[in-house]
Amino acid sequence: MNYSSCLTIGVSDSGLRLSVMLPFRVGHPPILIPWSDFHHVAEKRVMFLFPFLNASIGNPAITTVLLPLWVGDHIASSAAQH
């Protein structure tokens, strides 16, 4: 699913929070993905120019996400703590 600019990303010590902006939120409750559920995190370039992070969620993987590079700092610091 591609939410484009309708998705709000939040980070905490617990994980990544995703929520859909109003009025598109109906039927899409906010979710929290624990940092421990992120696997196979790697940089990916979109249209050969724009760097993002590509990561699998779950073990075994149930989905993949494409995230801004700054989220990688939180994933790395969480992995270092565990």
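The shown structure was predicted, so the numbers you read here are calculated from the model rather than taken from an experiment. Just the heavy atoms: all of them, side chains too, but no hydrogens, waters or symmetry mates, feed the values below.
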Side-chain atoms of residues 15-25: list all donor-acceptor pairs with protein atoms under 3.5 Å, sequence neighbours left out, distances to 0.1 Å.
unit_1	atom_1	unit_2	atom_2	d
R25	NE	V20	O	2.7
R25	NH2	V20	O	3.2

Problem - Over 12 non-hydrogen atoms of neighbours within 6.0 angstrom of NE2 in H39 - result: yes

Problem - Derivation and outcome, side-chain contact (heavy atoms from CB on, under 4.5 Å), residues D13 and W35 - result: CA-CA 8 Å; D13 291 339; W35 296 123; 5.8 Å; no

Practice task
Consider only side-chain heavy atoms of I, L, V, M, F, W and Y, link residues closer than 4.5 Å, and tell whether L32 and I9 are in one cluster.
Solution key: no

Problem - Pair T64-I57, side-chain contact (heavy atoms from CB on, under 4.5 Å): steps then yes or no - result: CA-CA 6 Å; T64 59; I57 304 296; over 6 Å; no

Exercise for the section: Please check if I62 and L7 belong to a single hydrophobic cluster, counting links between Ile, Leu, Val, Met, Phe, Trp and Tyr side chain heavy atoms closer than 4.5 Å. Expected result: no

Handout entry: CH2-CD1 distance between W70 and I75, expressed to the nearest 0.5 angstrom
Key = 10.0 Å

Problem - Heavy-atom check, side chain of D37 versus side chain of N59, under 4.5 Å - result: no

Less than 3.5 Å apart, which donor and acceptor atoms pair up between the side chains of residues 43-54 and the rest of the protein, not counting sequence neighbours?
unit_1	atom_1	unit_2	atom_2	d
E43	OE2	R45	NH2	3.4
R45	NH1	L49	O	3.0

